[in-house]
Visitor: 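Let me begin by handing over the structure; questions about it come next.
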Amino acid sequence: MSLRKKLIAGNWKMNKTSADAASLAEEIVAAVGKTTDVDIVVCPPFTSLDAVGKALEGSSIKLGAQNMHPEASGAYTGEISAAMLRSLFAGYVILGHSERRTYFKETDAFINQKTLAALKSELKPILCVGETLAERESGDTLKVVQTQTEQGLEGVSKEQITSVVIAYEPVWAIGTGKVATTEQAQEVHAFIRSLLVKLYGEALAQKVRILYGGSMKPANAPELLAQKDIDGGLIGGAALEARSFVDLIKSAAVAG
Ligand code: 13P
């Protein structure tokens with residue numbers, strides 16, 4: 001029996017109106033809303049958080065956001081604070097997704113500020129790390145993952161670390177249909193675990209969940225989820241349809 005309960009999180013990215021998002025949430029609740037052997041999180045766009053939160057009421061499925069600003073309030077046009085997310089009953093927030101690093105030039109230092117602000121507001125960060133294809137091909141995968149992990153977690157205390165979820169998402173595998181091999185994924189997950197051991201000690205490091213993300217689908221999930229250090233998935237495309245998302249949850253339950 002693993003120390004870590006598997007976690008399946010859906011990142012809906014910039015998809016679905018509020019009404020469509022609520023329908024998808026209702027379908028997921030109908031299929032797996034009472035599941036307790038796997039933690040389930042759905043992360044719709046900000047505009048659907050309220051409607052999806054209502055659809056999830058009374059279920060075991062948790063609500064998450066896809067981003068936030070580190071400041072509590074102020075003149076940051078277009079931004080959303082941790083307290084705003086908490087007021088809509090979000091429990092998780094995805095931070096440092098590669099799409100935000102690439103398209104919005106988010107730095108490790110800025111992502112770290114968000115991580116600390118999320119924890120202060122009792123939001124669980126899902127901190128994303130991962131290398132590009134060029135970085136993998138030049139042999140820099142572990143170096144990139146180390147920098148992103150260490151800088152993202154700077155100042156996170158021993159008391160806080162078990163509230164953090166890390167998601168390893170190789171950029172070249174996101175939305176491309178190119179999934180990392182189980183060996184490639186497990187190697188990086190074990191490496192991230194070893195970094196956590198150095199920073200927080202063995203006992204705490206064993207409690208932190210490390211998710212895999214990047215073209216995870218019902219067909220490839222069982223093998224990935226069976227790896228020692230793969231504690232769940234952060235799912236994009238396959239989370240937009242109830243049937244495939246539910247199949248992934250079932251795979252996680254089997255993998256235990
Ligand atoms: P895909 O599952 O569509 O590859 O997306 C993964 C991802 O970016 C989740 O955050």
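What you see is a predicted model; the values in this text were computed from it and never measured. Read the numbers this way: they start at 1 and go in the same order the structure lists the ligands and their atoms. Throughout, residue positions are numbered sequentially from 1 according to the sequence presented.
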Visitor: Considering only heavy atoms of Gly214, which atoms of ligand 1 have at least one such atom less than 4.0 Å away?
Guide: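 Listed by number with element, the hits are 4 (O), 6 (C).
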Visitor: Does any N or O in the side chain of Gln66 come within less than 3.5 Å of the main-chain N or O of Ile94, such that one atom is a donor and the other an acceptor?
Guide: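 Looks like no, no N/O pair under 3.5 Å.
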Visitor: Which of the atoms of ligand 1 are close to Ala173, meaning less than 4.0 Å from one of its heavy atoms?
Guide: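 Here the atoms of ligand 1 in question are 4 (O).
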Visitor: Between ligand 1 and Glu99, is the shortest N or O to N or O distance under 3.5 Å?
Guide: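 Glu99 vs ligand 1: no N/O contact under 3.5 Å.
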Visitor: Kindly identify the option in Gly10, Pro170, Gly175 whose heavy atom sits closest to atom 4 (O) of ligand 1.
Guide: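 Closest candidate by heavy-atom distance is Gly175.
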Visitor: I'd like to check which ligand 1 atoms, numbered from 1 as shown, lie under 4.0 Å from a non-hydrogen atom of Gly237.
Guide: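 Atoms satisfying the 4.0 Å criterion: 1 (P), 2 (O), 3 (O).
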Visitor: Is Ser215 close to ligand 1, meaning an N/O of one under 3.5 Å from an N/O of the other?
Guide: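 Yes.
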Visitor: Below 4.0 angstrom, N of the basic side chain to O of the carboxylate: do Arg136 and Glu131 qualify?
Guide: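 Salt bridge present between Arg136 and Glu131.
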Visitor: Tell me whether Lys13 reaches ligand 1 (any heavy atom closer than 4.0 angstrom to a ligand atom).
Guide: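 True for this residue.
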Visitor: Leu123 and Met68: side-chain contact (heavy atoms from CB on, under 4.5 Å), yes or no, with the steps?
Guide: CA-CA 11 Å; Leu123 272 173; Met68 56 168 257; 3.9 Å; yes
Visitor: Show the atoms of ligand 1 that are less than 4.0 angstrom away from any heavy atom in Glu169.
Guide: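 Per the distance check, 6 (C), 7 (C), 8 (O), 9 (C), 10 (O).
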Visitor: Step by step, would you call Thr149 with Gln146 a side chain to side chain donor-acceptor pair (under 3.5 Å)?
Guide: CA-CA 5 Å; Thr149 305; Gln146 177 163 8; over 6 Å; no
Visitor: In ligand 1, which numbered atoms sit nearer than 4.0 Å to a non-hydrogen atom of Gly236?
Guide: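 Once the distances to Gly236 are compared, the set is 1 (P), 2 (O), 3 (O), 5 (O), 6 (C), 9 (C).
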Visitor: Hey, is CZ on Phe89 packed in by over 12 heavy atoms from elsewhere, all under 6.0 Å?
Guide: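 No, because the 6.0 Å sphere around CZ of Phe89 holds 12 heavy atoms or fewer from other groups.
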Visitor: Between the side chains of Arg101 and Asp108, is the shortest nitrogen-to-carboxylate-oxygen separation below 4.0 Å, so that they form an ion pair?
Guide: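 Looking at Asp108 and Arg101, the cut-off is met.
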Visitor: Are more than 12 heavy atoms from other residues, nucleotides or ligands located less than 6.0 Å from atom NZ of Lys5?
Guide: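 Count over threshold, so yes.
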Visitor: Test of understanding: given a 4.0 Å heavy-atom threshold, classify the contact between Leu234 and ligand 1 as side chain, backbone, both, or neither.
Guide: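 The part of Leu234 near ligand 1 is both the backbone and the side chain.
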